[in-house]
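For reference, the structure is listed below as structure tokens.
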There are 2 protein chains.
Amino acid sequence: MKEIDQGSLRLLRLLQQDCSLALSDMAERAGMSQSTAWRKVQELEAAGVIRARVALLDARKLDLKLCVIAHVTLDDHHEEAIASFSAVVRNHPEILECYALSGAFDYMLKIRAADVESYETFMTRYLLRNPHVRNVVSSFVLREMKASTELPL
Amino acid sequence: MKEIDQGSLRLLRLLQQDCSLALSDMAERAGMSQSTAWRKVQELEAAGVIRARVALLDARKLDLKLCVIAHVTLDDHHEEAIASFSAVVRNHPEILECYALSGAFDYMLKIRAADVESYETFMTRYLLRNPHVRNVVSSFVLREMKASTELPL
DNA sequence: GCTACCCTGATCAATTTCTTTCATGAAAGC
DNA sequence: GCTTTCATGAAAGAAATTGATCAGGGTAGC
């Protein structure tokens, strides 16, 4: 893939802050003509640098008051165990993020739920019941100090 | 704030997947007229349910190959220590997310960097050098199994 | 029943935004 | 020197958004 020039970087920075800006606005702020801005955005989209444009919602106003960071250890790391765990992660929208980690735990999950009770239900039904899951340590989020999707460019 | 009806929920689900859809498209998929869809989106935006519309970028294609989950413990929890740590978090775009947690650690950070070297530099310069930071445990992300911004609605 | 109220869908005009097309100028290759 | 290529900006056309208006259909209260 081609190098990403300074102009495109400026557009990306704007887009990850607010993609509802008009092209003419973005062009002006990025110091280029509207045509050029349009072409660059098209390129970035085609190249997959821009993965998606999404709306970010307020979890509180949608009654998802609980956010949990869970650390998971599997019993073994055979294909079947990993596949089984992956399926759980994939199929449950309550699990927003999941990363395989180096270090003390195998996985870190970020989970959102309405309250402690519904979290507990979800937890025991889908994670603890899974035969490959050895251990889950849940930490409740007391405060979201930062929750950005902006990559440092 | 008012209750959120089923129609609005359908719009929100669509918007968190792809906010570049035309209003007419969204209206059709959500099973309502364009006028109604427009009014509902306006409401949701005014009520702050829709916080922002952003572009999600591909970290790999932008040469941010490293993602780290770091757990931080502070020396004490006086105002000054928290303020000092908060400032570090706020001022560094490499730190994408930061949550104050219950449990064994005070904070969990998600950090992105180009490579191990630049991470190491960032780490020692801004976190380990902070007098209020007692301990940092870094876990490298081996695989991003899921990284969604969609709330479960 | 009747009224008032609210939500909905249809329609329309004005504006804004997106997309294509065309022409220009700079740089590279022959 | 000439051509080709490429990125750019201006302008025009196509499409979408915005905001208002009006009418129909529930429904709750009187």
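Because the structure is predicted, anything quoted here is derived from the model rather than measured. Proteins come first, then strands; the chains are lettered A, B, ... in the order of their sequence lines, and each starts at number 1.
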Margin query: Tell me if the side-chain of B/S33 makes a donor-acceptor pair with the base of C/dA10, cut-off 3.5 Å, by modelled atom types.
Written below: no

Next item on the list: With the side chain counted from C-beta on, respond yes when B/F85 and B/V89 share a heavy-atom pair under 4.5 Å apart, and no when they do not.
Entry: yes

Margin query: Any non-hydrogen side-chain atom of A/M26 less than 4.5 Å from a side-chain atom of A/V41?
Written below: yes

Notebook entry, point to check: Nearest of C/dT17, D/dG9, C/dG9 to any side-chain atom of B/M32?
Noted result: C/dG9

Next item on the list: Please determine if a side-chain N or O atom of B/W38 lies less than 4.0 Å away from the OP1 or OP2 oxygen of D/dT18.
Entry: yes

Notebook entry, point to check: Rounded to the nearest Å, what distance is computed from the CG atom of residue B/L21 to the C1' atom of nucleotide C/dT17?
Noted result: 17 Å

Checklist line | Minimum-distance nucleotide (side-chain atoms of B/A22 versus C/dT19, D/dT17, D/dA10) | finding: D/dT17

Checklist line | Short side-chain N/O contact to D/dG9 OP1/OP2 from A/T36, under 4.0 Å | finding: yes

Checklist line | Sidechain-backbone polar pair: A/K40 side chain, A/G7 backbone, donor-acceptor under 3.5 Å | finding: no

Item checked: Under 3.5 Å: donor-acceptor pair, side chain of A/R13, backbone of A/L153 -> yes

Notebook entry, point to check: Please give, in whole Å, the distance from C/dT8 P to B/E43 CD?
Noted result: 8 Å

Note to self: If you compare every side-chain N and O of B/K40 against the phosphate oxygens of C/dT8 (OP1, OP2), does one of them come in below 4.0 Å?
What the structure shows: yes

Next item on the list: Round to a whole Å and report the spacing from CG of A/L23 to P of C/dT20.
Entry: 12 Å

Next item on the list: With the side chain of B/Q34 defined as its heavy atoms from C-beta on, choose the nearest nucleotide among C/dA10, C/dT17, D/dT18.
Entry: D/dT18

Note to self: Without decimals, in angstroms, what is the distance between A/L11 CG and D/dT8 C1'?
What the structure shows: 14 Å

Check: Quick one: the side chain of A/R39 and the base of D/dG9, do they pair up donor-acceptor inside 3.5 Å?
Finding: yes

